[in-house]
Amino acid sequence: MFYKYFVVLFLIGLSYGEPLYLNVTEYFRMPPLFELDNYEKCMASEDGMFCVVAVDVITEPDNDVTNIITKYSANRLKRFNHSNIERGICVTSSCRRQNIHNLTMEDLKIVLSECINKTIYNEYKVETKLSRINYCHNSKRRLDQDFDNGDQIFAIAVFIIVLLNIIGTWYDARLTRTNESKGNPHLLCFSIIKNWSKYITNEHKDPRFKSFQGLHAIKTILTFLIVMVHVLWLYPFTFVDNPRDLELNYDKLSYQMLFNGASLMQVYFMMSGCLLVHSLKISGEHHAETWTMFPLIIIYRLGRVLPAIMMILGFTTTWFRHLGNGPLWNYYVSPAVSDCRQYWWSHLLFVNILLPDTENRACILQSWHISAEIHLFTISLFIYLATRKRFRSLAFTIMFLIGLVGPALHVWFKDVEATLLIYPEFIRKLMSDEFRNVHSKPYNNMSAYVIGMCLGLYIYEAQRSNKKFNKSKLLSVLTLMVIPTTFLLFSSSGYYFFARNGQSPILGRMIYAAAHRPALALVYAFLVLSLVFDFNNFLSTLANWSAWRLPSRLTYMVYIVHITVIQYLLGSRTQLDHVAFMNIVMSVVGVSCISFLLALPLYLLLEAPFTNLVKTLAIGDHSLSSTKQDSKKE
Ligand SMILES: *[C@@H]1O[C@H](CO)[C@@H](O)[C@H](O)[C@H]1NC(C)=O
Ligand SMILES: *[C@@H]1O[C@H](CO)[C@@H](O)[C@H](O)[C@H]1NC(C)=O
Ligand SMILES: *[C@@H]1O[C@H](CO)[C@@H](O)[C@H](O)[C@H]1NC(C)=O
Ligand SMILES: *[C@@H]1O[C@H](CO)[C@@H](O)[C@H](O)[C@H]1NC(C)=O
């Protein structure tokens with residue numbers, strides 16, 4: 001088992017890693033990473049001007065402080081680069097000088113650079129140079145930007161959708177009263193009454209679909225975990241008053257596990273593959289498997305996925321920028337808005353993951369997963385249909401091998417880390433060698449998907465032949481082991497990567513890059529198998545609890561909106577935040593609650609109606625309906 005490999009890794013890891021210790025006195029000789037002047041006060045003055053800037057410390061060979069900075073920043077996995085500092089500065093009060101308002105941007109840069117250098121030099125004895133003015137706010141200029149055509153178009157779109165829902169609901173209500181036969185199926189898609197009753201009931205009649213009930217629990221819990229790690233990854237890295245605590249957290253096993261948790265998404269790929277093949281097999285009992293299925297299934301899938309993406313893109317490019325204001329609003333929200341305005345098409349065409357990693361950095365970050373999943377879905381469906389008669393195992397083997405070799409080769413050629421690690425400068429710049437190159441490329445995630453497809457085939461065959469797994473103690477215990485194994489995988493590898501100073505050997509990284517996705521997928525494939533066939537009574541009862549269905553159906557919307565919620569909260573900061581365990585817990589709970597609360601109306605008014613509409617338009621009311629996946633991805 002791979003699992004043994006990780007125990008070995010864990011033991012090797014223990015022998016590395018004496019943390020790069022720097023005593024507190026020395027630490028505070030470095031200029032602080034973030035500082036923020038009082039924004040309100042600055043804006044209140046007659047000619048206030050507030051700029052958010054990035055500043056570089058100039059390294060000098062015989063300067064104590066820059067030596068400390070160089071030494072301390074060397075470990076890029078665990079430390080900020082302390083020679084890049086950021087300031088929100090009230091120019092009018094901190095840099096006394098007449099007439100800054102008449103200056104051009106270039107001259108302003110020179111003035112600011114001098115002034116910041118002087119302030120920092122006086123206190124820390126290091127010279128600095130302004131590298132970038134992010135933006136400046138001026139108290140004379142009215143801050144609310146003009147409304148443009150985009151805002152109006154989005155407003156009209158929202159209005160139409162709400163109107164359709166009102167009409168649909170009204171139509172449905174009237175229809176029930178007059179008790180007519182069937183009604184217009186397209187209009188009925190928009191009935192909130194109907195969508196609500198669909199939301200709370202289990203629509204599947206086939207017990208074989210029902211056996212996947214436990215997946216709702218996995219999806220809900222995973223979505224909560226995703227929200228949690230995203231809060232943890234985005235909150236504490238910028239404009240906080242205690243970055244040192246964050247850096248020290250990198251020496252704690254629990255945080256090492258969380259900062260290494262990005263590969264958890266493999267579980268979704270696995271489940272998606274499994275549900276795809278399983279439902280294809282079942283629909284194959286009623287309809288001949290032909291190539292005409294291909295476009296229909298893809299259209300149905302796009303009908304599920306695209307409305308939500310269009311909504312969030314529309315919102316981000318238009319209304320979002322009007323929602324807030326403050327010293328850091330432009331720091332956190334504007335990049336997302338401008339990137340979305342430029343690259344919205346890449347999300348609709350699912351090619352955002354193929355763009356170079358310097359581009360499109362801030363626009364709906366989370367949609368990499370949706371794009372990768374669509375790619376894998378299409379490829380797998382194609383291969384499934386192409387191998388109806390023969391070569392299926394060969395094709396699956398080749399796909400699996402691509403998934404193994406792809407990441408390993410990436411590590412080999414690009415010399416990147418073995419997995420997506422969350423390190424401070426990655427979050428500050430939203431750019432990492434691993435994210436676009438390895439993590440989000442569809443073929444690198446293929447192994448997990450193929451494992452899921454094999455699982456789907458296996459479950460189908462087992463259900464068809466009515467296979468009974470005898471209640472074995474071993475299987476039951478193994479099921480219980482899934483959770484601890486996950487912890488062990490993530491914490492041991494997290495420890496291995498973070499605890500050592502410097503990169504691990506290339507061979508180890510290549511093996512890890514190839515193996516960790518299928519390993520995780522296998523563990524969870526076993527969990528799915530176990531839930532479908534009730535290996536462990538306790539877990540199955542818990543997971544089959546019907547209430548899981550309700551949050552689970554919202555998970556796609558939650559996945560879509562939660563990053564926007566986080567960006568909004570970050571953007572409304574007016575002073576440096578303080579990173580502490582309890583603060584993060586509060587934020588996680590808050591963001592999850594808000595996201596689920598937003599997701600419910602969005603699901604009822606947008607996702608459910610349009611999914612059904614596309615289905616009735618393209619596929620017709622009944623035919624092929626069993627290919628419909630119960631999966632609410634993400
Ligand atoms: C930290 O280092 C400085 C000089 O390198 C030394 O004077 C001081 O005693 C040290 N403080 C601690 C708490 O070790
Ligand atoms: C830190 O940033 C400076 C200036 O941008 C750069 O020259 C230096 O190489 C960086 N250090 C590390 C360890 O990345
Ligand atoms: C700055 O601009 C204002 C108005 O644009 C003008 O009245 C003033 O003379 C300018 N000051 C200087 C020093 O150019
Ligand atoms: C920074 O300020 C110090 C002290 O005022 C001065 O000696 C030095 O030349 C300045 N450096 C830069 C790059 O402006």
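Along the sequence shown, the residues carry numbers beginning at 1. Treat the numbers as computed from the prediction; the structure is a model and nothing was measured.
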For Glu434, is there an ion pair with Lys414 - N to carboxylate O distance below 4.0 angstrom? no
Distance, nearest 0.5 Å, that separates CD1 of Ile218 from CG of Leu215: 4.5 Å
Minimum heavy-atom separation for Met293 to Glu289, with atom names? SD-CA, 3.5 Å
Ring pair (Phe, Tyr, Trp, His ring centres under 6.0 Å), that's the test. Do Phe497 and Tyr512 meet it? Break it down for me. CA-CA 11 Å; Phe497 291 118; Tyr512 184 83; 5.0 Å; yes
Take Met399 and Ile402 through the test side chain to side chain contact (heavy atoms under 4.5 Å, CB included) and record every step on the way to the result. CA-CA 5 Å; Met399 285 170 78; Ile402 292 175; 5.5 Å; no
Shortest non-hydrogen separation from Val558 to Val227 and the atoms involved: CG1-CG2, 4.0 Å
Short question: side chain of Asp339, backbone of Ala362 - any donor-acceptor pair under 3.5 Å? yes
Between Tyr556 and Arg304, is there a side-chain heavy-atom distance shorter than 4.5 Å? yes
Got a donor-acceptor contact below 3.5 angstrom from the Lys615 side chain to the Tyr300 backbone? no
Determine, using ring centers only, whether Trp233 and Tyr423 are less than 6.0 Å apart. no
Report, as yes or no, whether the 6.0 Å neighbourhood of atom CH2 on Trp412 holds more than 12 heavy atoms from other residues, nucleotides or ligands. no
So which atom in Asn444 and which in Arg517 form the shortest heavy-atom distance, rounded to 0.1 Å? O-CD, 3.2 Å
His230/Tyr235 aromatic ring centres below 6.0 Å: no
Taking atom types as modelled, find out whether Ser380 and Tyr449 have a side-chain donor-acceptor pair closer than 3.5 angstrom. no
A cation-pi test, strictly: NZ or CZ of Arg392 under 6.0 Å from the centre of the six-membered ring of Tyr384 and no more than 45 degrees from its axis. Yes or no? yes
Any chance CH2 of Trp368 has more than 12 other-residue heavy atoms, nucleotides or ligands included, within less than 6.0 Å? yes
Apply side chain to side chain contact (heavy atoms under 4.5 Å, CB included) to residues Gln213 and Val532 and explain how you reach the verdict. CA-CA 8 Å; Gln213 171 96 340; Val532 170; over 6 Å; no
Separation between OG1 of Thr201 and CZ of Arg549, rounded to the nearest 0.5 Å: 7.0 Å
Can you tell me how far CD1 of Ile309 sits from CD1 of Ile364, rounded to the nearest 0.5 angstrom? 6.0 Å
Between Lys252 and Asn249, does a side chain to side chain donor-acceptor pair (under 3.5 Å) hold up when you go through it step by step? CA-CA 5 Å; Lys252 296 182 188 150; Asn249 280 342; 2.7 Å; yes
What are the two closest heavy atoms between Leu420 and Ala262, and how far apart are they? CD2-CB, 3.7 Å
Ignoring hydrogens and angles, tell me if any N or O in the side chain of Asn445 forms a donor-acceptor pair with the backbone of Lys441 under 3.5 Å. yes
Are any non-hydrogen side-chain atoms of Pro407 and His410 less than 4.5 angstrom apart? no
Note, Val305 side chain near Glu373 side chain (heavy atom, < 4.5 Å): no
Quick check, are the ring centers of His369 and Tyr268 under 6.0 angstrom apart? yes
Will you find, in the side chains of His278 and Tyr458, an N or O donor that is under 3.5 Å from an N or O acceptor? no
Please determine, by modelled atom types, if Ser552 and His216 share a side-chain donor-acceptor pair under 3.5 angstrom. yes
Check for a donor-acceptor pair, side chain of Arg79 on one end and backbone N or O of Glu247 on the other, with a separation under 3.5 Å. yes
Taking side chain as C-beta onward, heavy atoms only, is Phe400 less than 4.5 Å from Pro518? yes
Check step by step if side chain to side chain contact (heavy atoms under 4.5 Å, CB included) holds for Thr378 and Phe294. CA-CA 9 Å; Thr378 315; Phe294 185 74; 3.9 Å; yes
Can you check whether Phe610 reaches Met310 side chain to side chain, under 4.5 Å on heavy atoms? no
Ring centres of Tyr250 and Tyr255 under 6.0 Å apart? no
Output every pair passing side chain to side chain donor-acceptor pair (under 3.5 Å) with a member in residues 523-543, not counting sequence neighbours, ordered by first then second residue. Ser476-Asn536, Thr479-Ser530, Thr486-Tyr524, Asp534-Ser540
Donor-acceptor check, side chain of Arg553 to backbone of Tyr199, threshold 3.5 angstrom: yes or no? yes
Check whether any side-chain N or O of Asn352 sits under 3.5 Å from a backbone N or O of His347 as a donor-acceptor pair, and report yes or no. no
In this structure, CG of Leu598 is separated from CG of Leu602 (nearest 0.5 Å) by 6.5 Å
Taking Arg361 for its side chain and Leu430 for its backbone only, find out whether a donor-acceptor pair lies under 3.5 Å. no
Is any side-chain heavy atom of Val351 closer than 4.5 Å to one of Ser371? no
Hey, does the side chain of His375 reach the backbone of Phe350 with a donor-acceptor pair shorter than 3.5 angstrom? yes
Atom pair CE/CG of Met453 and Leu276 - distance to nearest 0.5 Å: 7.0 Å
Side chains of Tyr343 and Glu359: do they bring a donor and an acceptor to under 3.5 Å? yes
Here the pair of heavy atoms bringing Pro356 nearest to Arg436 is O-NH1, 3.0 Å
Please check if the side chain of Thr387 supplies one atom and the backbone of Arg390 the other of a donor-acceptor pair under 3.5 Å. no
Just so I know, are the side chains of Val267 and Leu527 near enough to count as touching, which here means a heavy-atom distance under 4.5 Å? no
Side chain to side chain contact (heavy atoms under 4.5 Å, CB included) between Met557 and Met311, worked out: CA-CA 10 Å; Met557 270 299 171; Met311 183 275 301; 4.3 Å; yes
Do Arg301's NZ or CZ and the ring of Phe377 fall within the cation-pi criteria of under 6.0 Å and 45°? yes
Would a 4.5 Å heavy-atom cut-off, applied to side chains only, mark Leu489 and His516 as touching? no
Working to the nearest 0.5 Å, report the span between CD1 of Ile383 and CG of Leu376. 10.5 Å
Look only at the side chain of Gln366 and the backbone of Tyr559, and say whether a donor-acceptor pair between them is shorter than 3.5 Å. yes
Distance-minimising heavy-atom pair for Phe396 and Val450: O-CG1, 3.6 Å
Ring-face cation of Arg208 near Tyr460 (centre distance under 6.0 Å, axis angle within 45°): no
